[in-house]
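What follows is one structure encoded as C-alpha cells, with my remarks underneath.
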Amino acid sequence: MSRIPFPTPDTMTAAQRQVYDRIVSGPRGRLVGPLRAALHNPDLADRWQALGALLRFGTSLPPRVSELAIVATARRWNSQIEWHIHAQAAADAGIPVAALEAIRDGRAPAFDTPADGIVYEYARQLQETGQVAPTLYAQAIEHWGVAGVVELTAVIGYYTMVSMTLNAHEIPMPDDAPDPLRVPMEAGQPALTRLPRLPGQAGGDRP
C-alpha cells in the first residue's frame, strides 16, 4: 500500500485533471508509477511527464539502447514497477530474455552485440561510481555520437529519479502484479543492487 494518497479523476483539481488528461491521451495511455505521486503538484507532474515522454520516445537513441539503460537502472535501485514495465519493453526492443533474466538475478549478462555491453557498462559504471571510464565513454561516442551520449546519461538520471520516487512513496505495482525483483539486505536494511561488471569489458570502474 502506498504511503500517500493519489488523486483520482473524481477528486482532482482542475489543474490536476488537465495534466491527467494530457498523460492518458499521450503515448503512455494511462497514469501509472511516479506520476501518480507527482500529480500532487500539477506543475511538477506536467514537466515530469513531458521530460519522461521525450527521454523515452523522442531521443536519437533506438529503443534497444534506452530500454536496456532503463532496466539496468531499475535493477540497481530495486525499482519493482520500473522493472515490471521496462523489462518487457526491453525484450520487445530485442534484448535477449536470458540477458534480462541475468540482470534481474544479479548475474553478469551475456549480450548479442558489443553495443549492448557498452550500454550496460555505461549505466553500471555511472551508478556504481558516479563516473564513466574514458575508454567506455569514447566507445559510446563512437556508437551514438555526442547527442546520443548526452541523451543516454539523461535517461539513466531520469529513471534514477523515477526509482527514488517509486521506492520512497511505496507506490504499488499496477494491476496487482507481484514484485519481480529480490531486494538485497545489508545489516538488516534494504540495499542497492550491485550490478556485475561484464567480463572483458574495457574501461573498468575508475575514470
Side-chain angles (χ1 to χ4, degrees), residues 1-93 95 100 103-104 123 126-127 130 150-183 189-193:
M1 178 178 294
S2 174
R3 290 172 163 172
I4 57 174
F6 300 125
T8 67
D10 292 336
T11 65
M12 289 175 188
T13 65
Q16 289 172 329
R17 184 57 190 252
Q18 196 172 41
V19 176
Y20 170 82
D21 288 343
R22 273 198 288 272
I23 293 169
V24 299
S25 64
R28 292 181 181 85
R30 62 175 178 163
L31 180 67
V32 296
L35 289 172
R36 298 177 73 188
L39 199 57
H40 282 284
N41 180 329
D43 287 338
L44 171 63
D46 197 26
R47 288 160 176 77
W48 187 312
Q49 68 88 16
L51 177 60
L54 172 65
L55 290 175
R56 188 174 181 192
F57 305 110
T59 71
S60 65
L61 300 171
R64 183 177 182 125
V65 171
S66 54
E67 293 297 337
L68 176 55
I70 293 168
V71 296
T73 304
R75 178 63 274 192
R76 169 63 170 160
W77 288 92
N78 309 313
S79 181
Q80 307 288 357
I81 297 176
E82 196 168 304
W83 181 274
H84 173 73
I85 293 172
H86 290 280
Q88 184 58 57
D92 292 343
I95 301 300
L100 293 170
I103 297 171
R104 181 197 64 199
L126 189 56
Q127 294 179 90
V150 169
E151 292 164 346
L152 177 60
T153 306
V155 167
I156 296 165
Y158 172 80
Y159 281 94
T160 295
M161 179 176 70
V162 169
S163 296
M164 288 180 171
T165 301
L166 293 168
N167 290 350
H169 305 305
E170 296 184 354
I171 296 175
M173 291 283 288
D175 308 319
D176 296 322
D179 289 348
L181 302 177
R182 182 188 64 82
V183 178
Q189 298 293 325
L192 298 183
T193 294

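As the structure is a prediction and not an experimental result, all values here were calculated from the model. Values below: all heavy atoms of this structure, side chains included; hydrogens, waters and symmetry mates excluded.
Residue R36 comes nearest to P7 through the heavy atom pair O-CD, 3.7 Å, listed as atom of the first residue, atom of the second, then distance. When all heavy atoms of A69 and L152 are compared, the pair lying nearest together is CB-CD1, 3.7 Å. Scanning both residues, P42 and V19, for their nearest heavy atoms gives O-CG2, 3.5 Å. Minimum interatomic distance between P172 and F6 (heavy atoms only, all atoms of both residues): CD-CE1, 4.0 Å. Of all heavy-atom pairs between V24 and L31, the closest is CG1-N, 3.9 Å. Scanning both residues, P34 and T165, for their nearest heavy atoms gives CB-CG2, 3.8 Å.
Within the 4.5 Å cutoff, side-chain heavy atoms of P174 are placed close to those of H84. Counting heavy atoms from C-beta outward, D21 and R17 have side chains that approach closer than 4.5 Å. In this structure, the side chains of W77 and Q127 come closer than 4.5 Å at one or more pairs of heavy atoms. Residues I23 and L35 have side chains in contact (heavy-atom distance under 4.5 Å, counting atoms from C-beta outward).
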field: CA sep, side-chain torsions, deciding dist, call: V162, W48, side-chain contact (heavy atoms from CB on, under 4.5 Å)
entry: CA-CA 10 Å; V162 169; W48 187 312; 4.2 Å; yes
message: Set out, in order, the CA-CA distance, both residues' side-chain angles and the distance that settles side-chain contact (heavy atoms from CB on, under 4.5 Å) for R64 and L68, then state yes or no.
response: CA-CA 6 Å; R64 183 177 182 125; L68 176 55; 5.8 Å; no
- request: Mind running side-chain contact (heavy atoms from CB on, under 4.5 Å) on I171 and I81 for me, showing each step along the way?
  value: CA-CA 8 Å; I171 296 175; I81 297 176; 3.9 Å; yes
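Within the 3.5 Å criterion, the main-chain N or O of P5 finds a donor-acceptor partner in the side chain of H40. With hydrogens and angles disregarded, no donor-acceptor distance shorter than 3.5 Å links the side chain of D179 to the backbone of L181.
For D175, the salt bridge (Lys or Arg N to Asp or Glu O under 4.0 Å) criterion is met by R30, not counting sequence neighbours. Partners of L54 by side chain to side chain contact (heavy atoms under 4.5 Å, CB included), not counting sequence neighbours: none found.
Remark: the T73 side chain and the E82 side chain contain no N/O donor-acceptor pair separated by less than 3.5 Å. A donor and an acceptor atom, one from each side chain of N167 and E170, are nowhere located under 3.5 Å apart.
Taken to the nearest 0.5 Å, the OH atom of Y159 stands 7.0 Å off from the CG atom of L55. Note that CE of M161 is 14.5 Å distant from CD1 of I156, once rounded to the nearest 0.5 Å. For the atom pair L166 CG and Q80 CD, the distance stands at 10.0 Å (nearest 0.5 Å). Rounding to the nearest 0.5 Å places CZ of R75 at 10.0 Å from CG of L192. A distance of 10.0 Å separates OG1 in T8 from CG in L39, rounded to the nearest 0.5 Å. Rounding to the nearest 0.5 angstrom, the gap separating the CD atom in E67 from the CG atom in L61 is 11.0 Å.
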